[in-house]
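Input: a single structure, listed below in structure tokens.
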Amino acid sequence: MTAGLSRELIALRVARELREGMVVNLGIGLPTLVSNFLPPDQQILFQSENGILGYGRISEEEFDPDLINAGGQPVTLAPGASFFDSATSFAMIRGGHIDVAVLGGLEVSEKGDLANWYLPERGGGSIGGAMDLAFGARRVIVAMTHTTADGRPRVRTRCEYPLTAPGVVDLIVTDLAVIKVEPGGLLLTEVAPGVDPDFVQSRTEARLRPSPDLREMEL
Amino acid sequence: MTAGLSRELIALRVARELREGMVVNLGIGLPTLVSNFLPPDQQILFQSENGILGYGRISEEEFDPDLINAGGQPVTLAPGASFFDSATSFAMIRGGHIDVAVLGGLEVSEKGDLANWYLPERGGGSIGGAMDLAFGARRVIVAMTHTTADGRPRVRTRCEYPLTAPGVVDLIVTDLAVIKVEPGGLLLTEVAPGVDPDFVQSRTEARLRPSPDLREMEL
Amino acid sequence: MIDKVFPTPDEALHDVFDGATIMFGGFVTAGTPTNLILALQRRGTKGITGIANNIGLGDKLDVLCEQRQLAKMIATFAIRASGARQSLFEEQYRRGEVELELVPQGTFVERIRAAGAGIGGFLTRTGLGTLVQEGKQIVNVDGVDYLLEKPLRADFALIKAFKADRLGNLVYRGAGRNFNPAMATAADVVIAEVEHLVETGELDPETIGTPGVYVDRVVQCEPVPVRWYG
Amino acid sequence: MIDKVFPTPDEALHDVFDGATIMFGGFVTAGTPTNLILALQRRGTKGITGIANNIGLGDKLDVLCEQRQLAKMIATFAIRASGARQSLFEEQYRRGEVELELVPQGTFVERIRAAGAGIGGFLTRTGLGTLVQEGKQIVNVDGVDYLLEKPLRADFALIKAFKADRLGNLVYRGAGRNFNPAMATAADVVIAEVEHLVETGELDPETIGTPGVYVDRVVQCEPVPVRWYG
């Protein structure tokens with residue numbers, strides 16, 4: 001068994017996708033780690049759907065109940081931050097003003113369908129801002145483990161869980177690989193250090209087409 | 001020929017309809033005079049569709065281009081005033097949060113249809129906020145002269161000018177009379193001092209039903 | 001002079017009736033009307049349809065489940081991914097004792113805004129091709145499909161702001177805005193809990209987040225200390 | 001560090017093309033981007049579809065009629081009741097040289113907001129049973145008829161604010177807000193004229209009316225003195 005990346009390294013790899021000036025929303029869970037892996041001189045605007053543009057790192061100071069991100073975590077503010085209400089926040093999200101949404105995933109299909117809100121085994125779930133972000137962001141990156149804890153592949157020919165949104169995912173970053181969703185299917189562009197492409201395919205339900213430029217992730 | 005009320009006295013009569021705590025929008029023209037005839041201790045909140053709630057009298061001071069009412073006139077602020085953008089302002093108007101809109105009129109029909117934006121003789125017009133106010137305000141009072149300068153009745157069986165909104169007018173205040181729009185038709189409730197009800201009817205195209213409580217306006 | 005101030009949360013809720021539909025502002029710890037929620041618990045109002053972004057472990061709203069005051073919730077967060085610990089709401093939901101309508105958060109707040117703004121419905125792509133689409137009309141505009149979403153209003157809105165004046169003008173702070181300004185426009189009776197009360201005329205007109213026209217009652221309360229449950 | 005500041009209005013308009021659809025913020029004298037309008041006049045761009053609340057006697061926008069730069073206006077105020085004096089726009093409209101689409105003001109700003117918010121259309125009663133209804137779909141929701149109104153967007157938005165920082169965050173003043181915040185969300189390129197420029201981080205996050213994400217270019221200008229024409 002090949003060891004995949006830690007959650008932190010998945011977040012680090014996602015962080016490499018972000019560029020100066022981008023407006024980025026980080027979903028709850030693994031995605032929130034992404035902000036820890038950005039060069040401090042790079043000005044990226046993190047949007048939180050509860051009404052902040054330009055928040056900074058997780059705060060270590062006294063807890064301020066009115067200064068939290070969408071995961072309920074206390075945050076600091078970056079220079080140039082602003083506050084707004086939820087109607088304005090989702091107008092921003094749904095109107096296409098978010099460059100990148102990094103979302104967690106339960107399943108992604110080869111067509112870029114995303115399932116990340118409903119847990120059949122729990123008989124319920126929570127939608128939160130996930131559907132709006134999935135439909136509204138210009139680019140959707142899903143960060144997740146390649147399989148469930150018991151080895152069930154999350155990258156599938158089609159999702160079995162109820163969808164968050166159909167055909168919205170652009171890039172999948174897992175502990176094993178980086179996969180691009182293209183009109184023709186899934187393109188395997190990077191593998192984790194020491195991980196064999198065949199091993200990735202063996203842990204994936206959908207067929208992966210290896211990129212001509214397939215390479216090992218630089219971390 | 002009986003002399004009707006001046007524009008100022010029409011405005012004064014309209015002002016009598018307003019009560020403490022009401023949110024009131026005054027249309028361009030004659031209606032803007034209404035705010036001059038309120039007791040100073042009565043707290044009425046004037047809303048201006050360009051984004052002010054709680055403006056006061058017309059300002060005599062140095063002109064501030066960012067402190068104007070919907071007619072472009074410089075205004076002062078009353079204590080408790082607030083500013084907002086046009087989307088918020090029309091959400092307030094269209095959402096039923098304005099108690100009274102006082103609008104000018106070209107024609108009002110016996111069904112309460114209002115025409116006040118299009119001038120056939122000028123081959124055009126301007127809608128501004130009139131349609132939104134006519135549809136959105138809880139109560140619509142039309143303040144206008146009873147006839148045109150050349151004697152054509154403005155209170156009609158049906159409007160000949162293009163409508164601003166159908167069936168929205170609650171009360172008509174003119175230089176000659178106060179007329180209530182009821183489901184069954186028009187009820188003449190008050191006449192201007194010294195004006196005979198028959199004279200009002202002779203200057204009105206629609207049939208007026210005299211109220212059992214018909215009286216002379218108190219000014 | 002207009003004065004909308006009530007002395008206590010309990011008096012401000014004096015006419016909240018059994019079976020009422022009630023909106024609750026707040027996003028987790030931010031802008032949550034905790035004192036009003038606790039007063040509603042004391043009042044014991046039953047059969048409530050609650051409209052709130054979140055009801056979960058650690059949310060004050062969960063206290064309304066202690067005496068089964070909620071008949072239904074319309075929310076965006078209610079059932080957690082982890083089942084290690086459950087909220088009272090989750091327990092009651094699993095036992096079929098309370099109904100739940102889950103709504104995407106952007107649709108949730110836009111439906112509330114629509115109710116307050118006289119919008120009869122709006123078209124969104126959020127939810128297309130998902131369970132959210134069920135039972136909803138699809139409208140095609142210029143070749144693109146959208147879901148038609150309808151307004152959402154309530155009998156009461158319990159909201160929270162940082163400051164108020166006696167006219168009901170509200171000033172918010174930080175991420176405490178969230179759903180409060182939209183909910184203030186979309187309920188028959190709007191009751192605001194605030195940390196600071198000032199005289200009318202003392203608030204800067206440039207900073208008012210909710211104009212007083214929307215607010216019926218104001219109560220000044222010491223904020224209830226909250227702990228982050230993340 | 002991100003810096004969206006341009007030295008002059010003329011440079012900020014460097015890529016405005018003939019035939020562009022352009023939004024103009026402002027309500028009569030308040031929040032009107034006069035310096036940008038004058039730069040657009042100097043630039044001589046032709047065939048413009050203008051989207052603005054008002055174009056009338058005394059409005060700066062009327063200068064674009066001097067060299068017939070406007071092909072069409074979408075506006076709420078354009079033709080005055082009194083014919084004593086006419087704007088250039090009115091003269092050209094009467095001669096059939098410029099097209100005019102009149103929109104109720106609430107529908108006008110809501111259409112712009114919808115474009116910025118990803119709303120495919122919305123239902124309103126404003127305009128029902130009037131000329132505004134012509135050519136529009138009527139949608140019945142729960143027994144009530146509404147007009148379906150569609151989003152309105154532009155290639156460029158020229159707006160005005162009181163203050164900005166280099167990131168493009170804008171602070172408005174008084175009734176200078178009006179259409180500026182909505183227009184900032186609904187154009188491909190948003191250019192803001194401001195009276196004061198500060199460094200990023202100097203604006204209070206509580207007071208920002210338009211977050212920088214919406215603004216592409218900022219120009220600091222002395223406001224052009226205006227006179228009230230009422």
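Here is how names work: the chains are called A, B, and so on, in the same order as the sequence lines, proteins then strands, and each is numbered from 1.
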**Asked** Which answer fits D/Y93, side chain, backbone, both or neither, if we ask what part of it has an atom under 4.5 Å from a heavy atom of chain B?
**Response** side chain
**B/R152, CZ atom: more than 12 neighbouring heavy atoms under 6.0 Å** = yes
**Message:** With a 4.5 angstrom heavy-atom cut-off, is it the side chain or the backbone of B/L119 that approaches chain D, or both, or neither?
**Reply:** side chain
**Asked** Measuring from D/N178:CG to B/T88:OG1, what's the distance to the nearest 0.5 Å?
**Response** 11.5 Å
**Prompt:** Of the listed residues (D/G176, D/G26, D/A75), which shares the most heavy-atom pairs with chain B below a 4.5 Å separation?
**Reply:** D/G176
**Prompt:** What part of B/I28 lies closer than 4.5 angstrom to a heavy atom of chain D: side chain, backbone, both or neither?
**Reply:** side chain
**Message:** Check B/D64 with D/R173, please: is the shortest side-chain N to carboxylate O separation under 4.0 Å?
**Reply:** yes
**Fill in**
On a heavy-atom basis, the closest approach of B/I68 and D/V28 is CD1-CB, 4.1 Å
**Asked** From B/D66 CG over to D/K160 NZ, what is the distance, rounded to the nearest 0.5 angstrom?
**Response** 5.0 Å
**Asked** In terms of heavy-atom proximity below 4.5 Å to chain D, should B/A134 be classed as side chain, backbone, both, or neither?
**Response** neither
**Item:** Within 6.0 Å of CZ in D/R95, more than 12 heavy atoms from elsewhere
**Value:** yes
**Asked** For B/K111, does the NZ atom have more than 12 heavy-atom neighbours from other residues, nucleotides or ligands under 6.0 Å away?
**Response** no
**Message:** Which heavy atom of D/A175 sits nearest to which heavy atom of B/N50, and what is that distance?
**Reply:** CB-ND2, 3.8 Å
**Complete:** Heavy-atom closest pair (D/R125 atom, B/F135 atom, distance to 0.1 Å) is O-CE2, 3.1 Å
**Message:** On a heavy-atom basis, which atom in D/A78 and which in B/S126 lie closest, and how many Å separate them?
**Reply:** N-OG, 2.8 Å
**Asked** Taking B/S82, B/A87, B/G125 one by one, which has the highest count of heavy-atom pairs under 4.5 Å against chain D?
**Response** B/G125
**Fill in**
Looking only at D/T124, D/T130, D/I79, most heavy-atom pairs under 4.5 Å shared with chain B are made by D/I79
**Prompt:** So what's closer than 4.5 Å to chain B heavy atoms on D/I112: side chain, backbone, both or neither?
**Reply:** neither
**Asked** If you count heavy-atom pairs under 4.5 Å between each of D/N53, D/T32, D/V103, D/N180 and chain B, which one has the most?
**Response** D/V103
**Request:** For atom CD of D/E66, decide whether the heavy atoms of other residues, nucleotides or ligands shown that lie under 6.0 angstrom number more than 12.
**Result:** yes
**Prompt:** Tell me, side chain or backbone of B/F84 under 4.5 Å from chain D's heavy atoms, or both, or neither?
**Reply:** backbone
**Message:** Nearest 0.5 angstrom please: B/I127 CD1 to D/T76 OG1, how far?
**Reply:** 7.5 Å
**Request:** Measure the spacing between OG1 of D/T126 and CG of B/D132 and express it to the nearest 0.5 Å.
**Result:** 4.0 Å
**Message:** As an exercise, state the distance from CZ of B/F63 to OG1 of D/T29, rounded to the nearest 0.5 Å.
**Reply:** 3.5 Å
**Option passing side-chain contact (heavy atoms from CB on, under 4.5 Å) with B/F90 (candidates D/Q105, D/E110, D/R113)** = D/Q105
**Item:** Short side-chain donor-acceptor distance under 3.5 Å, B/S89 and D/R177
**Value:** no
**Portion of B/T164 that has a non-hydrogen atom of chain D nearer than 4.5 angstrom** = backbone
**Item:** Heavy-atom closest contact (B/M131 atom, D/P104 atom, distance)
**Value:** SD-CG, 3.7 Å
